[in-house]
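Below you'll find the structure, written out as structure tokens, and then a few comments.
Each ligand, and each atom within it, is numbered from 1 in the order the structure gives.
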Amino acid sequence: MTTLTAVSYSETDIERLTDHAGRVGLIVDDGGKLDVAGRRVNRLCKGALKRALDARVEAGLKEGDSLTLAYPAGMAAEAIDVVCLTRGASEIAARHAGAVLGQKRGTADLLLAVGSARRAGFVVQGAVLRDYGFNDHKTSPAKEPGAIEVMANDAPKLETETAPLLAVADGTFMTRDLVNEPANILTTTEFADRLAEMSALGLKVEVLEEAELEQLGMRTLLAVGQGSASPSKVVVMQWNGGADGDAPLALVGKGVVFDTGGISLKPAGGMEDMTMDMGGAGTVAGVMRALALRKAKANVVGLVGLVENMPSGTAIRPGDVVKSMKGDTVEILNTDAEGRLVLCDVMWYAQERFEPAGMIDLATLTGAIIIGLGHENAGVFSNDDVLCNAFLKAAGAEAEGAWRMPLGQAYDDMLKSPIADMKNIGGRPAGSITAAQYLQRFVKDGVPWIHLDIAGVASLKSATKLAPKGATGWGVRALDRLVSDMFEKG
Ligand code: BES
Ligand code: MN
Ligand code: ZN
């Protein structure tokens, strides 16, 4: 990830501005007004900056607009990148402005962030988030992770404001790396190993292997993985930054490292996209990483079910009946509706072991949610208005699309099976809702719960403001914010 150094802005820095050989980033308001740093740059380049800006203001300069002056006279800089941000700009706008600069990054950036340290922090976070690339499998990497130097009014204050925002960016990068990783590399074992490495950050990480899962009775989870050569695993990550004995928030993630559909095989076209079917688990991992890096004062436990859904001689068949850890039996009519079979056991285990104050599961669960909400919003399902509204507020503040969907008895009835306690599919109508209803059968009375169906938002075919195409890291920021809004004290 991009590294950051902050230096305090002072009159003696004129050489630094003159001699900087990379790109120089600047912020102006919508009137094209330069701040003190901008005025200084303008003097160095003999008014070229102001002339270019005046022309843009004439044409109408809006928040987020940018302009670039290549090889400005009087400076060693490769370019000056200017982005427009209004005075009372929101955190979201500041982050987006930073992302505009991040996208233009050279090898050595200098950002002139005069103004409030908090606003500068979001600009920096935006620059870092947008400057992500997944280059691990290019033999000659497109670019090395960069370094940003920020010149601010008060460097120590900027560092304090920015540190938690960079922790969240770092967590987001972990999620993106996991989601982008192909399935021959990110096996269940490799996934568990990467999570275990996070114990170095102060997380308590346990990997439960198949024999233990068998003993616990996680038969529906094991059923999904039984056709694969990769062993099924559940990984438990505990962050205990809160008061001793405070019930934790539990985050539960679907980690299907590849979803072929199993014997109910998916069509070939686009099947490669199912490398992202561990997006829920990837998000849980990224949030846990962010919480540990910023030493959140809260108790949060992350649990992921890691399996691979393959067709083989040992795979489950349509029509098989399997008993869940809870004890309820499930008639598996479609082996491609596997995510819920994984989640129900991990959710049950999370509640039995941790008696959480709340539980949030994340899963690339249904294609139907993409039909309903496209790629703009994740589907939000909940049994608790307080927790749900707090989440929607956090997601809104982070500009991560989230839209609440209904639950109800009539949908639950669609899961009735003639031979078992339930079926694992409810038919074509309301496919995302019946999937959520299935999960709700494994939520204990009194446990506030949210299910997030992230099939449409975890990975995209085109770039967004904050991410190149591919994994987005959706939800890491919203969940981190929810933890600080609702679960952190002091
Ligand atoms: N992993 C898929 C859902 C999915 C689809 C994620 C597209 C990302 C993009 C899930 O396991 C699945 O196959 N769901 C089925 C459920 C059906 C068989 C009831 C679906 O959506 O078709
Ligand atoms: Mn599936
Ligand atoms: Zn799946």
Heavy-atom contact check, 4.0 Å cutoff: does [X] meet ligand 1?
X      : result
Arg428 : no
Leu365 : yes
Ile370 : yes

ask   = Relative to the Zn ion (ligand 3), which of the N, O or S atoms in Asp259 is the closest?
value =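 Minimum-distance N/O/S atom of Asp259 relative to the Zn ion (ligand 3) is OD2.
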key: Atom of Glu338 closest to the Zn ion (ligand 3), considering N, O or S atoms   =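 Output for this pair reads OE2.
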Presence of salt bridge, [Y] and [X], under 4.0 angstrom:
X      : Y      : result
Arg23  : Asp109 : no
Glu181 : Arg194 : yes
Arg219 : Glu214 : yes
Asp328 : Arg441 : no

What are the atoms of ligand 1, with element, lying closer than 4.0 Å to any heavy atom of [X]?
X      : answer
Ile425 : 19 (C)
Glu338 : 11 (O)
Lys254 : 1 (N), 10 (C), 11 (O)
Met274 : 1 (N), 5 (C), 6 (C), 7 (C), 8 (C), 9 (C)
Thr366 : 3 (C), 21 (O)

ask   = So which of Arg118, Gln125, Arg119 actually passes side chain to side chain donor-acceptor pair (under 3.5 Å) with Glu91?
value =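 When side chain to side chain donor-acceptor pair (under 3.5 Å) is applied between Glu91 and each of Arg118, Gln125, Arg119, only Arg118 qualifies.
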message = Which residue in the set Asn389, Asn377, Asp385 passes side chain to side chain donor-acceptor pair (under 3.5 Å) when paired with Arg404?
response =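 Looking at Asn389, Asn377, Asp385, the match for Arg404 under the side chain to side chain donor-acceptor pair (under 3.5 Å) is Asp385.
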query = What are the two closest non-hydrogen atoms of Cys344 and Leu439, and how far apart are they?
reply =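 The answer is N-CD2, 4.4 Å.
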Donor on one side chain, acceptor on other, [X] and [Y], under 3.5 Å:
X      : Y      : answer
Thr189 : Thr187 : no
Thr366 : Asp453 : yes
Thr260 : Asn309 : no
Thr86  : Glu63  : yes

Considering non-hydrogen atoms of the protein only, which is the closest contact for [atom], and what is the distance?
atom                    : answer
atom 20 (C) of ligand 1 : Gly367 N, 3.8 Å
atom 1 (N) of ligand 1  : Asp277 OD1, 2.8 Å
atom 16 (C) of ligand 1 : Arg340 NH2, 4.0 Å
atom 15 (C) of ligand 1 : Asp336 O, 4.0 Å
atom 17 (C) of ligand 1 : Ala337 CB, 4.4 Å
atom 2 (C) of ligand 1  : Asp259 OD2, 3.6 Å

ask   = Taking N or O atoms only and a 3.5 Å limit, does Asn334 qualify as a polar contact for ligand 1?
value =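 Not met; the criterion fails.
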ask   = From the Mn ion (ligand 2) out to just under 2.8 Å, does an N/O/S atom of Asp277 turn up?
value =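 Of the N, O and S atoms in Asp277, none lies under 2.8 Å from the Mn ion (ligand 2), which means no.
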query = Just checking, Arg176 and Tyr132: is the charged tip under 6.0 Å from the six-membered ring centre and within 45° of the axis?
reply =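 Verdict for Tyr132: a cation-pi partner in Arg176.
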task = Kindly confirm or rule out a cation-pi arrangement of Lys444 over Trp348, judged by NZ or CZ under 6.0 Å from the six-membered ring centre and within 45° of its axis?
result =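 Yes.
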ask   = Would Lys254 count as a contact for the Zn ion (ligand 3), in the sense that one of its N, O or S atoms lies under 2.8 Å from it?
value =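 It does: Lys254 brings an N, O or S atom closer than 2.8 Å to the Zn ion (ligand 3).
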ask   = Any N/O/S atom, backbone or side chain, of Asp277 lying under 2.8 Å from the Zn ion (ligand 3)?
value =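 So Asp277 does bind the Zn ion (ligand 3) by this criterion.
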Name of the Glu338 atom (N/O/S only) found closest to the Mn ion (ligand 2) =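 Going through the N, O and S atoms of Glu338 one by one, OE1 ends up nearest to the Mn ion (ligand 2).
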request  = Tell me which N, O or S atom of Asp259 sits nearest to the Mn ion (ligand 2).
outcome  =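 So the atom name we want here is OD2.
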